[in-house]
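Working notes for the structure below.
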Amino acid sequence: MSETVKLEFEGKTYEFPVVTGTEGEKAIDISQLRPKTGLITLDPGYANTGSCKSSITFMDGEKGILRYRGIPVEQLAEHSSFIETAYLLINGRLPTAEELKQVSILFNDHSLVHEDMQIFYQNFPRGAHPMGILSSMANALRSFYPELQTIEEEINITVTRLLSKMRTMAAMSYKISRGHKVVYPRPDYRYSANFLHMMFDTPVKPYQINETLAKALDVFWLLHADHEQNCSTSTVRLVGSGRVNLYAAISAGIAALWGPLHGGANQAVIEMLEDIQRDGGNHQRAIARAKDKKDPFRLMGFGHRVYKTYDPRAKIIKKMCDKILEELNINDPLLDLAKELEEVALTDDYFIEKNLYPNVDFYSGIVLRAIGIPTNMFTVMFAIGRLPGWIAQWKESMDDPMWKLGRPRQIYTGPSITDYIPIHERHRCQA
Ligand code: ACO
């Protein structure tokens, strides 16, 4: 017999079905709550609310588990590539060798962006944040690449364009912000190597691809590829629920990711570590500030809405960070500082009691610095990585037979009905 939950309210009992996921997680299906009882739920930050059923990503925040389409992220980081993982997320299964080859050909064919888009780039003010530029340009893509004939063609080509062009657009924004000539992609380079080439090659100093760094970037992207219903992904689904085009939904996702409590944390971690370094390496002061309720400062790169243990992605990135710095003989004092800070925080009662562990952003900035990515481009790196997840989630929501326009409700706390006051009768306190 299927499980139910009983709700007693104003002398009546109502029954609601319990939905169980494949990993045993349970939810009360309240879709009939308001029609039956007149009640709604109130859940700030949606911490107890499941917005959809999804077969893409499974995470268990208590056990530190993350799987894409059932495959542990640790296995993918070791054996797969970002592009293969993107295929897995979007299509629901790993590609065959032939399919993967076709994907590479398509990505190469679609890697250029319309030349006229460069005019937009040229006209952003020099100090503009690359996330603002990327979000605007993702939206602008619709104007340059109008809707195609069939829905299938529209989805397949749009997905390919986004995955291939986003990387070109990100590198372009960097080049233009530095006043450098844009570098075009090369057909003989793989996805991450091509990005590094477009970022760092110059006519006077050809960039030599370093396989260790190209691999590190690929793993960084793979680890960011999806994370179920987080802030930016929920934004993509919500914006997409109005049936807007995919470019616009992705543009909204990029804007949501920009925030320092979400994807912007990787930039904020490095800035925090640099501040501590300037303060003579005094990490105790940072810990004390993070614990002080009167101080809005938080230890960036610590804590997570879902993970109440060490973020499994952070474990992989920390290991990778040690490996590449050693292999390339790079000495980054910020890494030593990060490790000291982690050690102090993990033994501090405040962080233990609140289950605050390093998240993916804590060490990823150090990896990106080693690759040579400037700090203000860190969140753009995250956006390129998260793109397959956004696309997969958007696609799933489009095919969902339970699809509905996203439209939460509220509990109104403003004034009761109030008469309009003509302007000449208004006093300041009434205005
Ligand atoms: N430093 C100090 N205290 C913290 C931190 C932190 N990094 N994170 C949470 N807390 C404290 C809060 O002050 C709060 O304390 P209280 O219960 O005494 O009021 C308690 O822990 C719970 O915090 P919430 O903000 O309610 O928890 P939530 O689940 O909403 O927060 C979040 C998750 C936003 C990620 C938070 O931990 C944070 O701000 N971390 C720093 C920013 C960061 O690293 N973001 C990246 C997250 S990963 C990602 O999005 C890719």
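Note that the structure is a prediction, hence the values are computed from the model and not measured. Whatever order the structure lists ligands and atoms in, that order sets their numbers, starting from 1.
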Which residue owns the protein heavy atom closest to [atom], what's the atom, and how far is it?
| atom | value |
| --- | --- |
| atom 35 (C) of ligand 1 | G303 O, 3.8 Å |
| atom 41 (C) of ligand 1 | F302 O, 3.4 Å |
| atom 42 (C) of ligand 1 | M300 CE, 3.5 Å |
| atom 17 (O) of ligand 1 | K354 NZ, 3.5 Å |
| atom 1 (N) of ligand 1 | L299 N, 3.1 Å |
| atom 3 (N) of ligand 1 | Y350 OH, 2.9 Å |
| atom 45 (N) of ligand 1 | L261 O, 3.0 Å |

Would you verify whether the NZ or CZ of [X] falls within 45 degrees of the ring axis of [Y] while also being under 6.0 Å from that six-membered ring's centre?
| X | Y | result |
| --- | --- | --- |
| K354 | F351 | no |
| K36 | F16 | yes |
| R243 | W403 | yes |

Proximity of [X] to ligand 1 by residue part, where a heavy atom lies under 4.0 Å:
| X | result |
| --- | --- |
| L356 | side chain |
| V269 | neither |
| H262 | both |
| H304 | both |
| N359 | side chain |

Could you walk me through whether F144 and F120 pass the ring-ring contact (aromatic ring centres under 6.0 Å, His included) check?
CA-CA 12 Å; F144 286 90; F120 281 81; 5.8 Å; yes
Among R298, H224, R305, whose heavy atom sits nearest atom 33 (C) of ligand 1?
R305
Please check whether [X] reaches ligand 1 - meaning an N/O of the residue sits under 3.5 Å from an N/O of the ligand, judged on distance alone.
| X | value |
| --- | --- |
| A265 | no |
| V360 | no |
| G263 | no |
| K293 | yes |

Within the structure, does at least one protein heavy atom fall under 4.0 Å of atom 26 (O) of ligand 1?
no
Protein heavy atom under 4.0 Å of atom 9 (C) of ligand 1:
yes
Please confirm whether [X] approaches ligand 1 to less than 4.0 Å, judged on its heavy atoms.
| X | value |
| --- | --- |
| G45 | no |
| F362 | no |
| F382 | yes |

Keeping H262 on the side-chain end and A256 on the backbone end, is there a donor-acceptor pair under 3.5 Å?
no
Qualifying residue for side-chain hydrogen bond (donor to acceptor under 3.5 Å, both in side chains) with N266, from N359, T379, T375
T379
Going by side-chain hydrogen bond (donor to acceptor under 3.5 Å, both in side chains), Q393 matches just one of D226, T57, T233. Which one?
D226
Hey, are E228 and K53 close enough for a salt bridge, meaning a charged N less than 4.0 Å from a carboxylate O?
no
